[in-house]
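Heavy atoms only: backbone and side chains are in, while hydrogens, waters and symmetry mates are out. Every chain is numbered from 1, with letters handed out A, B, ... down the list of sequences.
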Amino acid sequence: MNFFAFFILLPSPFCLKLERTWIIMSATIMTITSGKGGVGKTTATANLSAALAAKGYKVVAIDADIGLRNLDVVMGLENRVVYDLVDVVDGVCRIKQAMIRDKRIEGLYLIPAAQTRDKNAVSPEDMIALCDQLRDDFDFVLIDSPAGIEQGFKNAVAPADKVIIITTPEVAAVRDADRIIGLIEAEEQGPGELIINRLRPDMIKRGDMIGIEDVLDILAIDLLGVVPDDESIITSTNRGVPATMENHSVASQAFKNVATRITGETVPFLDLETQETFLQKLSKFFSSL
Amino acid sequence: MPRDRVEIRGTSKGLIVTIKSGNWQSVLEQLAQKLEQRASFFKGGRVALDVGKRLLDAEEIETVGHLLAEHQMTLWAVNGSASETQTAAKSLGLETQSRQSAPVTPPAAEALGSAAGDTLVIRRTLRSGQRVEHSGNIVVIGDVNPGAEVTAGGHVIVWGKLRGAVRVGAINPKDAFVCALQLAPMHLIIGSLISRSPADDGEEQIIPEMAFAQNGQIVAEAWK
């Protein structure tokens, strides 16, 4: 008797999937921003969107960097752009027409930015209205913010339920992140959560780079994840295949962990100090047997 | 569904306009819209603005005042927990009163704020790009981060790490002092004297320090 009861209680992946379709969706809108340029907003948006979609969530990534469209390139969807964000706002097309479906992962969509317009083509209210339309159909809306603190940043942050601040372990980037957190707090949109990107454990060990503690000491907000500096990220962005879609590099794993934390699960932080090689892992595995 | 950012309700003391979280521009738009809808109903009303933790400067409060005046309503009070908001409201000659809802801050801190008189108490970390200016004393319960600026006519006390720029004693430099649990300001200006923190010499023991002017120099010593 007990033996069978045990089997029935086991949740199969099939059950979970069925259950999820019953839930009425109300998307969490997250804006990824940094203040400083070149710290990895677009890369993070692409990788987190792909990782969340791979987990079975319905995700739409929005490129809010109007005039400097990048997210479509990084996601490898550039040649499929027909309509864009500004077209939706101007009423040229319906929101569904501007959404590019990523054929590689089910449930992943992109709304690209316009390349021929500028930030003033959209207002914060337009962005709020647009995101509200998406709430019922998605689990997550990720907005890739432009650098800076002007109109484009305001547009990107206005609809956010949660703001993710990304920084690198560099004094200038941390300073800008601090400014951004101050602006977000003044708008009552919470202090946000932090991703530290492009960390070089070897440089920290030598004392040539500021450490995670130093960054947290100044910014004093919750840490969502630490992503190590990784060459494979450059190759993957150039090829238009987000690292979380294919490779098993440390950076890819770090982004996947961030995605898992976003869904509310706890994942231990990667121990970047003692990165083991495959052989070391293998020998450890055998010695543990 | 757009979020509700403004709520208007009537009480025996007049109307209370509660401003919730969200982008300031959209708050203003929603307020204008709500006033428009029920203009005749609100006409001639006295309004207390409840802003919660939001920081508003004098200009922003004035904008709301003008908006209300367009509908023949008068703004008489601003309720908010941030001391900057309160100071801004006072500078416009408006009443400030503590929020009617449950106090967010512990009673001890509240007592400190009221007993200090001409002291502006800030209960949060001042981040890069944020500026606080006050003719009296300033007490910061939190850090002052690099890129933040604190300017006081009197003293500045920071219950946290002071790494931003501080300027004190414009009125009486002889008496002015700056205290912090960790004193490492980007610039420290007392009256007309300027100094910088000594270069970062690594893992030194961190002690609370007090800086003041003495014989034409800025001196820092242990804060006891």
Side-chain angles (χ1 to χ4, degrees), chain A residues 24 26-27 29 31 35-36 123-136 148-149 151 153-163 165 167 171-192 207 210 213-221, chain B residues 1-6 18-30 32-33 50-57 60 80-82 84-85 88 104 122-132 142-149 160-165 181-182 184 186 200 202-203 206:
Chain A
I24 298 161
S26 184
I29 297 168
T31 299
K36 192 176 178 299
S123 74
E125 286 64 41
D126 293 333
M127 289 297 286
I128 293 170
L130 185 130
C131 289
D132 281 336
Q133 281 186 57
L134 296 167
R135 269 187 204 274
D136 295 340
I149 54 170
Q151 182 72 31
F153 161 74
K154 287 175 189 161
N155 289 343
V157 168
D161 299 321
K162 192 160 145 184
V163 180
I165 293 118
T167 186
V171 178
V174 173
R175 202 76 93 231
D176 289 0
D178 193 39
R179 177 96 170 97
I180 292 286
I181 298 167
L183 291 173
I184 293 162
E185 279 175 344
E187 291 280 353
E188 289 257 287
Q189 289 189 297
I210 54 173
E213 285 75 26
D214 302 314
V215 176
L216 292 177
D217 183 39
I218 295 228
L219 300 181
I221 61 170
Chain B
M1 20 134 215
R3 281 165 287 176
D4 223 9
R5 295 169 203 280
V6 179
T18 309
I19 291 178
K20 296 170 185 172
S21 63
N23 174 273
W24 180 241
Q25 206 53 43
S26 58
V27 164
L28 283 181
E29 271 173 30
Q30 211 174 81
Q33 199 187 337
D50 192 350
V51 298
K53 285 183 287 181
R54 187 186 283 270
L55 302 178
L56 290 181
D57 58 28
E60 288 168 326
S81 55
E84 286 100 318
T85 312
V104 220
I122 295 159
R123 287 185 206 88
R124 62 187 174 88
T125 289
L126 289 175
R127 295 186 181 273
S128 178
Q130 295 180 331
R131 259 190 86 169
V132 178
D143 296 344
V144 176
N145 280 358
E149 287 175 33
K161 297 162 195 147
L162 171 52
R163 288 179 283 208
L181 294 187
Q182 187 188 340
M186 197 77 73
D200 206 0
E203 298 302 306
I206 295 160

If you apply the rule side chain to side chain contact (heavy atoms under 4.5 Å, CB included), what do you find for B/Asn23 with A/Met127, and how did you get there? CA-CA 12 Å; B/Asn23 174 273; A/Met127 289 297 286; over 6 Å; no

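- One finds the NZ atom of B/Lys20 at 12.0 Å from the CD atom of A/Glu188 (value rounded to the nearest 0.5 Å).
- Taken to the nearest 0.5 Å, the CG atom of B/Asp143 stands 8.5 Å off from the CD1 atom of A/Ile218.
- Here B/Pro146 is the residue among B/Gly147, B/Pro146, B/Ala148 with the most heavy-atom pairs under 4.5 Å with chain A.
- In this structure, A/Asp178 contributes its side chain and B/Arg127 its backbone to no donor-acceptor pair below 3.5 Å.
- To the nearest 0.5 Å, atoms OG (B/Ser128) and CD1 (A/Ile181) are separated by 10.0 Å.
- Atoms CZ and CD, on B/Arg124 and A/Glu185 in that order, are 7.5 Å from each other to the nearest 0.5 Å.
- Note that CD of B/Gln182 is 7.5 Å distant from CG of A/Asp217, once rounded to the nearest 0.5 Å.
- Both the backbone and the side chain of A/Glu187 come within contact range of chain B, each with at least one heavy atom under 4.5 Å from a heavy atom of that chain.
- Looking only at heavy-atom pairs under 4.5 Å with chain B, the residue among A/Leu219, A/Leu183, A/Asp176 that has the most is A/Leu219.
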